[in-house]
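Numbers restart at 1 for each chain; the letters A, B, ... are given by sequence-line order, proteins then strands. Because only heavy atoms are used, hydrogens play no part in the values below, and waters and symmetry mates are left out as well, while side chains stay in.
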Number of protein chains: 2
Amino acid sequence: MKDVASAAGVALKTVSRVVNGEPGVHPETAERVRAAIDQLGYSRNESARVLRRGTTATIGLVIEDVADPFYAGLSRAVETVVIDHGCLLLSGSSGEQPGRERELVETFCARRVDGLIMVPAGDDHTYLRPELEAGTPVVFADRPPGAGIDVDTVLSDNVGGARQAVRHLLSHGHRRIAFLGDDPAIFTAAGRLQGYKEELGGLFDQRLVSMRTPAPEAVRAAMDHMFDLDDPPTALFTGNGRCTVTTLRVLDGRRPALVGFDDFELADLLDPGVSVVAQDPSWMGRVAAELLFRRLRGDTGPSEHIELPVRLIPRGSGELTPGDL
Amino acid sequence: MKDVASAAGVALKTVSRVVNGEPGVHPETAERVRAAIDQLGYSRNESARVLRRGTTATIGLVIEDVADPFYAGLSRAVETVVIDHGCLLLSGSSGEQPGRERELVETFCARRVDGLIMVPAGDDHTYLRPELEAGTPVVFADRPPGAGIDVDTVLSDNVGGARQAVRHLLSHGHRRIAFLGDDPAIFTAAGRLQGYKEELGGLFDQRLVSMRTPAPEAVRAAMDHMFDLDDPPTALFTGNGRCTVTTLRVLDGRRPALVGFDDFELADLLDPGVSVVAQDPSWMGRVAAELLFRRLRGDTGPSEHIELPVRLIPRGSGELTPGDL
DNA sequence: TTGAAAGCGCTAACAG
DNA sequence: CTGTTAGCGCTTTCAA
């Protein structure tokens with residue numbers, strides 16, 4: 001900038017004004033400065049700018065895994081909103097490890113991100129307190145923070161979605177409905193289990209529930225065990241996209257009715273088409289990011305807790321009746 | 001840092017030494033400093049550090065779209081390598097728009113990223129020249145740079161993969177093999193078309209080729225047209241994951257043999273299973289990132305051009321014969 | 001082993 | 001409309 005200034009024969013500050021499009025520069029001077037900039041190939045050093053202004057125009061995003069289609073969709077939506085606001089996105093995957101989540105968050109904070117959107121892996125977020133007190137806005141998406149932390153959240157209607165799925169299966173005559181969900185330590189998995197139980201009421205049978213990280217062998221073992229019961233399930237409710245896919249892989253010719261939580265590509269092309277309770281990851285990302293920017297613009301109201309509705313999409317598998325088995 | 005220094009009764013520089021784990025600090029002094037840090041909740045301001053040191057420990061990644069499973073997988077792999085090297089990842093999606101690609105790259109460069117990995121959308125990268133001359137290493141993945149730019153590349157064997165696919169179909173008796181590919185302006189699409197032509201030799205028929213952005217209506221129209229020919233195709237070769245999925249959606253009961261470029265989740269669960277020429281996006285991401293870090297460590301050898309092999313996975317659809325139609 | 005001073009490149013505040 | 005000065009928080013250099 002100094003070089004540009006002397007090349008253009010003006011003061012440093014004038015260059016700064018031109019670079020930042022500040023008003024109050026004679027057009028001719030500005031032109032001279034721009035010429036010098038082009039000639040020298042100058043580009044503003046953002047680090048210095050950040051240091052001086054105290055704001056980084058950077059948002060941090062911590063998710064579980066970019067390679068998971070749900071979080072990929074969420075990421076893309078967040079990215080779009082962030083870029084539209086002239087900011088950049090630092091992102092990282094926690095891989096469902098609380099330690100990694102915390103490391104990422106702390107690294108992002110050391111870089112002084114202006115705000116943070118996170119899908120937490122752990123359930124203790126007291127480490128965020130200094131940042132929150134320093135005024136960094138944080139929005140939790142998909143899962144809420146641990147106890148004692150009061151921040152904005154954007155969640156899906158997990159309980160309601162699960163109830164919808166079970167109600168759908170009940171209405172098609174099923175009474176033995178199994179639940180194949182993820183590790184119940186995960187908030188969404190727990191909520192969906194709760195909805196399943198609530199809707200099932202007296203029909204609930206612990207032996208028809210399996211909750212674990214969806215590894216093929218484990219899911220196959222759980223399924224085999226259920227189908228070996230005297231009173232086997234006639235329908236399955238799977239707790240998230242990965243559970244659904246894993247379950248489909250280990251059906252081995254069995255043809256129970258099936259409703260899965262989460263939509264996925266090609267669900268409509270399978271035979272039968274897979275009925276799902278669909279979330280909208282892009283919507284969640286967009287809502288979370290927009291909420292964050294509202295905070296960044298100075299909205300200091302009480303923390304908001306947005307719950308996004310989910311939608312049951314019938315495609316065939318959820319409309320099979322016990323007689324079809 | 002100043003506050004920490006006065007709280008601990010030492011000089012600024014001593015705090016800096018402790019924070020950075022530099023040797024030559026009396027253990028007792030260091031302890032006192034650490035206590036002060038904890039008490040004040042101090043954390044180093046990375047922006048200032050960056051400004052002073054001139055290195056950001058940040059890598060920029062520009063891809064086409066994080067929500068595309070191929071690039072999501074690639075992103076995840078890049079992210080892992082980057083984090084393992086103690087760096088952070090700035091990422092953005094170009095959405096196949098050259099202007100957006102350039103904006104992202106320029107923004108990343110203004111932030112002084114230490115290196116750049118990109119899947120280009122455009123074919124003019126001369127704008128990178130100042131950065132390259134300034135010594136910023138850049139690796140192109142999946143697609144090469146435009147003319148006149150000499151950088152490291154990590155590409156798949158597109159031509160060879162296409163030839164493999166066509167050879168496979170030929171060996172199952174097909175002579176009328178259509179190609180449904182993406183916009184030929186895209187490097188990978190062009191390479192796959194070339195392989196298709198080469199392997200087909202005299203059997204090539206321009207009427208069996210359709211290359212465009214895979215929008216359902218357009219693909220359906222192209223297919224209808226081909227199947228209306230006197231000599232319709234008995235087999236299809238689709239040019240990438242999105243083309244394959246779109247094609248599957250518009251088959252409408254027709255049952256040609258099919259081999260797709262790119263693997264995708266559930267390809268094995270469809271009926272018939274979809275045979276594919278599989279790339280490995282994680283591998284590509286890992287190789288690109290590792291190459292970048294090798295450059296960052298000072299390797300100034302001539303630019304490297306790595307070609308990753310692809311693998312044909314037979315699952316049923318590619319093994320149908322003309323008689324099965 | 002410790003510290004003082006300079007300065008990275010920029011913007012804010014305040015003149016002219 | 002333009003310029004001067006101070007200082008963001010850190011690391012580097014040099015001295016004690």
Side-chain angles (χ1 to χ4, degrees), chain A residues 1-37 40-58 86 88 107 109-114 130-131 134-136, chain B residues 1-37 40-58 86 106-107 109-114 130-131 134-136:
Chain A
M1 195 176 256
K2 203 170 63 180
D3 294 347
V4 173
S6 61
V10 297
L12 198 67
K13 178 67 220 188
T14 302
V15 180
S16 171
R17 287 203 177 92
V18 172
V19 168
N20 293 298
E22 285 172 35
V25 179
H26 194 89
E28 214 167 86
T29 317
E31 203 34 65
R32 210 143 30 92
V33 171
R34 260 188 289 273
I37 287 175
L40 275 68
Y42 166 83
S43 108
R44 181 172 66 193
N45 182 321
E46 292 294 330
S47 313
R49 173 170 227 246
V50 160
L51 176 59
R52 185 60 239 239
R53 303 197 40 172
T55 165
T56 55
T58 306
L88 246 35
T107 314
C109 289
R111 303 254 179 152
R112 301 292 187 268
V113 291
D114 292 341
E131 284 306 318
T136 308
Chain B
M1 197 175 254
K2 202 170 63 180
D3 295 348
V4 172
S6 61
V10 297
L12 197 66
K13 176 66 221 189
T14 303
V15 179
S16 172
R17 287 200 177 95
V18 172
V19 168
N20 294 299
E22 286 172 34
V25 179
H26 194 88
E28 215 167 85
T29 316
E31 202 35 65
R32 212 147 26 93
V33 171
R34 260 188 290 274
I37 287 175
L40 275 66
Y42 166 84
S43 106
R44 180 173 67 193
N45 182 321
E46 292 294 330
S47 313
R49 173 170 226 246
V50 161
L51 175 59
R52 189 58 241 243
R53 304 195 36 167
T55 165
T56 56
T58 306
E106 287 180 341
T107 314
C109 289
R111 303 255 179 152
R112 302 293 188 268
V113 290
D114 292 341
E131 285 305 320
T136 308

How many Å lie between [atom1] on [X] and [atom2] on [N], as a whole number?
X	N	atom1	atom2	answer
B:E46	D:dT11	CD	C1'	13 Å
B:L12	D:dG9	CG	P	11 Å
A:E22	D:dG3	CD	P	14 Å
A:L51	C:dC10	CG	P	12 Å
A:N20	C:dC10	CG	C1'	9 Å

### Task
Return yes if some donor-acceptor pair links the side-chain N/O of B:R32 with the main-chain N/O of B:A8 below 3.5 Å, else return no.
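Yes, B:R32 side chain to B:A8 backbone: donor-acceptor pair under 3.5 Å.
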
Taking the side chain of [X] as its heavy atoms from C-beta onward, which of [options] lies nearest to it?
X	options	answer
B:R17	D:dT2, C:dT2, D:dC10	C:dT2
B:K13	D:dG9, C:dT11, C:dA4	C:dA4
B:A11	D:dT11, C:dA4, C:dT11	C:dA4
A:R49	D:dC10, D:dT2, C:dC10	C:dC10

With a cut-off of less than 4.0 Å, is there a side-chain N or O of [X] near OP1 or OP2 of [N]?
X	N	result
B:S16	D:dT11	yes
B:T14	C:dT1	no
B:R53	D:dT11	no
A:N45	C:dC8	no

### Query
Under 4.0 angstrom, heavy atoms only, what part of the nucleic acid is A:S47 near: base, sugar-phosphate, or nothing?
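The residue A:S47 makes no contact with any strand.
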
### Task
Scan B:V10 against the nucleic acid and name what it touches under 4.0 Å (heavy atoms): base, sugar-phosphate only, or nothing.
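The residue B:V10 makes sugar-phosphate contact but no base contact.
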
### Query
Taking atom types as they are modelled, is there a donor-acceptor pair under 3.5 Å from the base of D:dG9 to the side chain of A:R112?
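Counting by modelled atom types and ignoring angles, no donor-acceptor contact under 3.5 Å is found here.
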
### Query
Does a distance-only test, which skips hydrogens and angles, find a donor-acceptor pair under 3.5 Å between the side chain of B:R52 and the base of C:dG9?
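No, no donor-acceptor pair under 3.5 Å.
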
### Task
Let me know, please, whether B:T29 or A:R44 comes out on the 5' side of the other along DNA chain C by nearest nucleotide.
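Its nucleotide being nearer the 5' end, the pick is B:T29.
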
### Query
Pick one: which of B:V19, B:V10, B:V25 meets side chain to side chain contact (heavy atoms under 4.5 Å, CB included) with B:V33?
B:V10

